[in-house]
There are 2 protein chains.
Amino acid sequence: MELHEPELREVPVTAVLAALADDVRLQIVRALAPGGEHACGSFEFGVSKATRSHHLKVLREAGLTRTRIAGTTRYVRLRRDELDRLYPGLLDAGLTAPARPQ
Amino acid sequence: MELHEPELREVPVTAVLAALADDVRLQIVRALAPGGEHACGSFEFGVSKATRSHHLKVLREAGLTRTRIAGTTRYVRLRRDELDRLYPGLLDAGLTAPARPQ
DNA sequence: GAGCTTGTTCGACGATTGTCGAACATGGGT
DNA sequence: ACCCATGTTCGACAATCGTCGAACAAGCTC
């Protein structure tokens, strides 16, 4: 299985921003933010697993996450260091903002 | 004429991010970034004026810009201070990144 | 008032996006 | 070998988005 994990600097900024501009994906990023690996199946955000798989693909191809395959499960982690180096503050903007206004 | 210019904290982060996740709008923001007011018509980015008007509306309703009406022309400016206070680093991420990778 | 300039609004269109169930692939267990 | 668990991929669908030309609105100038 080939996983497409682009270099962050090769991803257009608009693609990174677009990847973060979705509620479900932002929830995934929030869950990933404290660090460590999470199994894909551990994300329970009220969408089907097809949809979840789609969102994880968007995040990965935008250079936001990295995925490790172990047997049948896949572990995802945030590329925080790279993100913070290339776009300092961007991640924090999405993380610290209230999920919903007010 | 009523212009809808929401409080920034009342705008979902995803809306702010989505507003920035477009090439034309990012070019507008870049042009606005140095400061000062720009007439709407001063943006020449290869789109029709209908499309430009649409993008400026998206930016305004996402809380990114403020518009002053003077006669038949409208002057737009970036809400930089508010943006930087609420989402430090977010604007810079979009501004400092190369328009196109490489 | 006539005409020009600036900008918005109104369909319309094609493309993209988020969502799902179903089918498929893969790698354990027993 | 068979089943089960974990994920991906494949249509399909509705909704949203970016785009345009045409029509409209409002204000300036002569």
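Numbers restart at 1 for each chain; the letters A, B, ... are given by sequence-line order, proteins then strands.
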*Results of side chain to side chain donor-acceptor pair (under 3.5 Å) for A:Thr51 - residues two or more places apart only*: A:Ser48

*Under 4.0 Å: is that the gap between some side-chain N or O of B:Ser53 and OP1 or OP2 of C:dT8?*
yes

*Considering residues at least two apart in sequence or located in another chain, which fulfil the salt bridge (Lys or Arg N to Asp or Glu O under 4.0 Å) criterion with B:Arg52?*
none

*What residues form a side-chain contact (heavy atoms from CB on, under 4.5 Å) with B:Leu32, not counting sequence neighbours?*
B:Ile28, B:His38, B:Phe43, B:Thr65, B:Val76, B:Leu78

*In whole angstrom, what separates B:Lys57's NZ from D:dC17's P?*
12 Å

*Which ring pair (Phe, Tyr, Trp, His ring centres under 6.0 Å) pairs, counting each pair once, include a residue from residues 10-32 of chain B, with sequence neighbours left out?*
none

_Closest approach to the side chain of A:Arg74, judged atom by atom: which nucleotide of C:dT6, D:dT9, D:dT8 is it?_
D:dT8

*Output, in order, the C-alpha distance, side-chain angles, deciding distance and verdict of side chain to side chain contact (heavy atoms under 4.5 Å, CB included) for B:Asp22 and B:His55.*
CA-CA 9 Å; B:Asp22 176 274; B:His55 285 309; 3.7 Å; yes

_Among C:dG7, D:dG7, C:dG27, the nucleotide that comes nearest once only the side chain of B:Cys40 is considered_ = C:dG7

*Can you tell me the distance, in whole Å, between the CD1 atom of B:Ile28 and the C1' atom of D:dG18?*
13 Å

*Gap between atoms NE2 and C1', on A:His38 and D:dG7 respectively (whole Å)*: 18 Å

*Gap between atoms CD1 and C1', on A:Ile69 and C:dG28 respectively (whole Å)*: 15 Å

*Between C:dT8 atom C1' and B:His4 atom NE2, what is the distance in whole Å?*
17 Å

*Is any NZ, NE, NH1 or NH2 atom of the basic residue among B:Arg85 and B:Glu82 found under 4.0 Å from an Asp or Glu carboxylate oxygen of the other?*
no

*Among all residues two or more places apart in sequence or in another chain, which pass the side chain to side chain donor-acceptor pair (under 3.5 Å) test with A:Glu5?*
A:Arg66

Under-3.5 Å N/O pairs linking protein and nucleotides 15-21 of chain C:
residue : atom : partner : partner atom : Å
C:dG18  : OP1  : A:Arg25 : NH2          : 3.1
C:dG18  : OP2  : A:Arg25 : NH1          : 3.4
C:dT19  : OP2  : A:His55 : NE2          : 2.4
C:dC20  : OP2  : A:Ser48 : N            : 2.7
C:dC20  : OP2  : A:Ser48 : OG           : 3.3
C:dC20  : OP2  : A:Thr51 : OG1          : 2.9

*Could you give the CZ-to-C1' distance, from A:Arg60 to D:dG7, as a whole number of Å?*
11 Å

_Whole angstrom value for the distance that separates P of D:dT16 from CG of A:Asp23_ = 14 Å

*Could you give the CD-to-P distance, from A:Glu61 to D:dT8, as a whole number of Å?*
11 Å

